[in-house]
Participant: 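I'd like to ask you about the structure that follows.
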Amino acid sequence: MTRQIALVDCNNFYVSCERLFRPDLTHTPIVVLSNNDGCVVSRSNEAKAIGIRMGQPWFECKQLAEEHGVLALSSNYALYVDLSNRVMSILADFAPRTEVYSIDECFVDLTGMSKLRDINYLMRERVLQWTGLPVCVGVGPTKTLAKLANHIAKKHPRSRGVFNYNDLTDEQQTRLLGQIDVGEVWGVGRKLTKRLAKHGINTVQDLRTAHTPTLRAEFGVVMEKTQRELQGVACIELEDHVPDKQQIICSRSFGKPVTELAVLQDALSVFTATACEKLRAQNGHAALVQVFMLTNRFRQDLPQYNPSMAVPLPMPTNDSLVVNRWVQHMAELLWRDGYKYKKAGIVLSDITPVSVVQADLLEPVSTSDTKLMLAIDGLNARFGRGTVKVSTGGMSDGWAMRQERKSPNYTTEWDAVPAV
DNA sequence: TCTCCGATTAGAC
DNA sequence: CTAACGGTCTAATCGGAGA
């Protein structure tokens, strides 16, 4: 039986979330910026039409944008995560198997269902009606073709937001894939597009029909799988369970350059708290802790210094206080006066489930620290992140990221709920 | 010569 | 007015070290 894998993808997701609470902006060109108000990460159709590129640094397109009356907003992740959860739970009702692939995308396995066309349009309608968010639905026999079908649904208004690749004849498939750039394929990015072009592979059809042993030899196993998927042979399965993280990173660019160790240490203590909280949430212990700090790589006129250091922990842990002692110590060792630090962060790795405890030969296992961590997590879950935190002095305004254009937390803070 | 492991690369979003 | 290019994560591959 032909598999019917749907990929449901929200249109201009962050921008659409912002518009829900600002219907007056329905036709205003909008962009949403990354952390630190650095780059454009979501664009309304109007903003795309003006020529603002995905990922473009805001300072680069600011002038053009403002000439065209573009509204730029800082990203409001609390809002996007909340709305994403609503979308995903709606989609989960359509099939026994779904995979939340990203904040705005979900694979839905509709294999064997009758009235598929109706279901596809119903998914779109229901998400729109229940959340106000527009989505497109692409269907194909593999995840890669579902992604491509979604791209087609987004690009061609005539599809009315739904496109099923499985409905095409062989001739139609060949003609369609011959018209799409190979760079649109899932897993083929900028670099690979260039290298493929050197082999005369420019369209999706070129890739689908390329000589497989050559492709394998030149581009590796990943590309061969991509080709098989384009031929309709499933190589990438739907994942039922989200696997635990193998490493947890928390890092930020600073709103202004940091020149004092105490300020950087304050930032690192907050990153440590966040990372350990995530580690505890997945019931893990980390055996390796890394710290890094970076100067601004875009300012080659300034002296550059990008040190990092790692400590293997004698006893794997998820205790913020224990981890923080190592982090603070490493920060002192790495720090050099005279540099303008732009970014810093920590990495937790060598992660194992807490159930796998390496007992210490000399010390009995203590539980008092884990009780403290549970209490901290409980308070933060109830009253908001940062209510209780590990601190080295609370000088946080020395490093906080720029976020000058953030909308209110409409859906997660009572005070921000708009009046009716 | 083989194996292991850390570093690098490329990708997604 | 500052200073002005994100953050997390994975898999594959590369290349050097040590067996």
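Chain identifiers are assigned alphabetically (A, B, ...) following the order of the sequence lines, protein sequences preceding nucleic acid strands; residue numbering begins at 1 within each chain.
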Participant: Give one of base, sugar-phosphate or nothing for A:I103, where a contact means two heavy atoms less than 4.0 Å apart.
Facilitator: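 Touches nothing.
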Participant: What contact category does A:Q246 fall into here, base, sugar-phosphate, or nothing, at under 4.0 angstrom with non-hydrogen atoms?
Facilitator: sugar-phosphate
Participant: Which listed nucleotide (C:dA3, C:dC5, C:dT10) is nearest to the side chain of A:C39?
Facilitator: C:dC5
Participant: The side chain of A:N35 lies closest to which of these nucleotides: C:dC5, C:dG6, C:dA12?
Facilitator: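 The answer is C:dG6.
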Participant: From the list C:dG6, C:dC9, C:dG7, which nucleotide is the closest neighbour of the side chain of A:I249?
Facilitator: C:dC9
Participant: Could you tell me which nucleotide pairs with C:dA4 by Watson-Crick or G-U wobble geometry, both distances under 3.5 Å, or answer none if nothing does?
Facilitator: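 Pairing partner: none.
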Participant: Please determine, for C:dA12, whether a Watson-Crick or G-U wobble partner exists with both distances under 3.5 Å, and give it or none.
Facilitator: B:dT8
Participant: Between A:Q403 (CD) and C:dT2 (P), how many Å, whole number?
Facilitator: 22 Å
Participant: How many Å lie between CD1 on A:I248 and P on C:dC9, as a whole number?
Facilitator: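 Those two atoms, CD1 and P, are 6 Å apart.
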Participant: Look at the aromatic rings of A:F254 and A:W399 and report parallel, tilted or perpendicular, splitting at 30° and 60°.
Facilitator: perpendicular
Participant: Looking at A:S253, I'd like to know whether one of its side-chain N or O atoms comes within less than 4.0 Å of OP1 or OP2 on C:dC5.
Facilitator: no
Participant: Which is true for A:R299 with a 4.0 Å heavy-atom rule: it touches a base, it touches only sugar-phosphate, or it touches nothing?
Facilitator: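 Sugar-phosphate only.
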Participant: Starting from the 5' end of DNA chain C, give me the residue, A:K225 or A:Y14, whose nearest nucleotide shows up first.
Facilitator: A:Y14
Participant: Out of B:dA12, B:dA10, C:dG6, which nucleotide sits closest to the side chain of A:V41?
Facilitator: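 For A:V41, the side-chain atoms sit closest to C:dG6.
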Participant: With sugar-phosphate meaning primed atoms plus P, OP1 and OP2, does A:N296 contact a base, only sugar-phosphate, or nothing at under 4.0 Å between heavy atoms?
Facilitator: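 Sugar-phosphate, no base atom in range.
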Participant: Using heavy atoms to find the nearest nucleotide of DNA chain C for A:D244 and A:R402 separately, return the residue whose nucleotide is more 5′.
Facilitator: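 Its nucleotide being nearer the 5' end, the pick is A:R402.
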Participant: With under 30° as parallel and over 60° as perpendicular, where do the rings of A:Y80 and A:Y14 fit, or are they tilted in between?
Facilitator: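 Correct class here is parallel.
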Participant: Measure the distance from CE on A:M54 to P on B:dA12 and round it to the nearest whole Å.
Facilitator: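 The distance from CE of A:M54 to P of B:dA12 comes to 12 Å, rounded to the nearest Å.
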Participant: Rounded to the Å, how far apart are A:K62 NZ and C:dA3 P?
Facilitator: 14 Å
Participant: Report the distance from atom CG of A:D37 to atom C1' of C:dG7, rounded to the nearest whole Å.
Facilitator: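 Taking CG of A:D37 and C1' of C:dG7, I get 14 Å after rounding.
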Participant: Identify whether any heavy atom of A:K194 sits under 4.0 Å from a base atom; if not, whether one sits that close to sugar-phosphate; answer base, sugar-phosphate or nothing.
Facilitator: nothing
Participant: Is there a donor-acceptor contact under 3.5 Å linking the side chains of A:N324 and A:W326?
Facilitator: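 Result is no, nothing qualifies.
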Participant: For the pair made of NZ in A:K245 and C1' in C:dT8, what is the distance, rounded to whole Å?
Facilitator: 8 Å
Participant: Have a look at A:L192 and say if it touches a base, only the backbone sugar-phosphate, or nothing, with a 4.0 Å heavy-atom cut-off.
Facilitator: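 The residue A:L192 makes sugar-phosphate contact but no base contact.
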Participant: To the nearest Å, how far apart are A:Q290 CD and B:dA7 C1'?
Facilitator: 11 Å
Participant: Which one of A:E99, A:E237, A:E229 satisfies the salt bridge (Lys or Arg N to Asp or Glu O under 4.0 Å) criterion with A:K143?
Facilitator: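 Exactly one option meets the salt bridge (Lys or Arg N to Asp or Glu O under 4.0 Å) with A:K143, and it is A:E99.
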Participant: With rounding to the closest Å, how many angstrom separate the C1' atoms on C:dG6 and B:dG11?
Facilitator: 16 Å
Participant: Closer than 4.0 angstrom, basic N to acidic O: yes or no for A:R195 and A:E218?
Facilitator: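 No.
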Participant: Under 5.5 Å between ring centres and under 30° between planes: true for A:F298 and the base of C:dC5?
Facilitator: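 Given the distance and angle limits, yes, they stack.
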Participant: Pick base, sugar-phosphate or nothing for A:W186, based on heavy-atom distances below 4.0 Å to the nucleic acid.
Facilitator: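 Sugar-phosphate only.
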Participant: With a 3.5 Å cut-off and no angle check, do the side chains of A:Q4 and A:T111 form a donor-acceptor pair?
Facilitator: no
Participant: Assign A:R190 to base, sugar-phosphate, or nothing according to its heavy-atom contacts below 4.0 angstrom with the strands shown.
Facilitator: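 Sugar-phosphate, backbone atoms only, no base.
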Participant: Please determine, for C:dA19, whether a Watson-Crick or G-U wobble partner exists with both distances under 3.5 Å, and give it or none.
Facilitator: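 Check on C:dA19: paired to B:dT1, both distances under 3.5 Å.
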Participant: With respect to the phosphate group of B:dA10, does any side-chain polar atom (N or O) of A:K191 fall under 4.0 Å of OP1 or OP2?
Facilitator: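 A:K191 to B:dA10 OP1/OP2: side-chain N or O found under 4.0 Å.
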Participant: Could you check whether A:R19 pairs with A:E46 (Lys NZ or Arg NE/NH1/NH2 to Asp/Glu carboxylate O, under 4.0 Å)?
Facilitator: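 Looking at A:E46 together with A:R19, the answer is yes, because their closest N to O distance falls below 4.0 Å.
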Participant: Looking at the side chain of A:V221, which of B:dG11, C:dT10, C:dA12 is the nearest nucleotide?
Facilitator: C:dA12
Participant: Would you classify A:K343 as touching base, sugar-phosphate or nothing, given that sugar-phosphate means primed atoms plus P, OP1 and OP2, and contacts are heavy atoms under 4.0 Å?
Facilitator: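 Contact class for A:K343: sugar-phosphate only.
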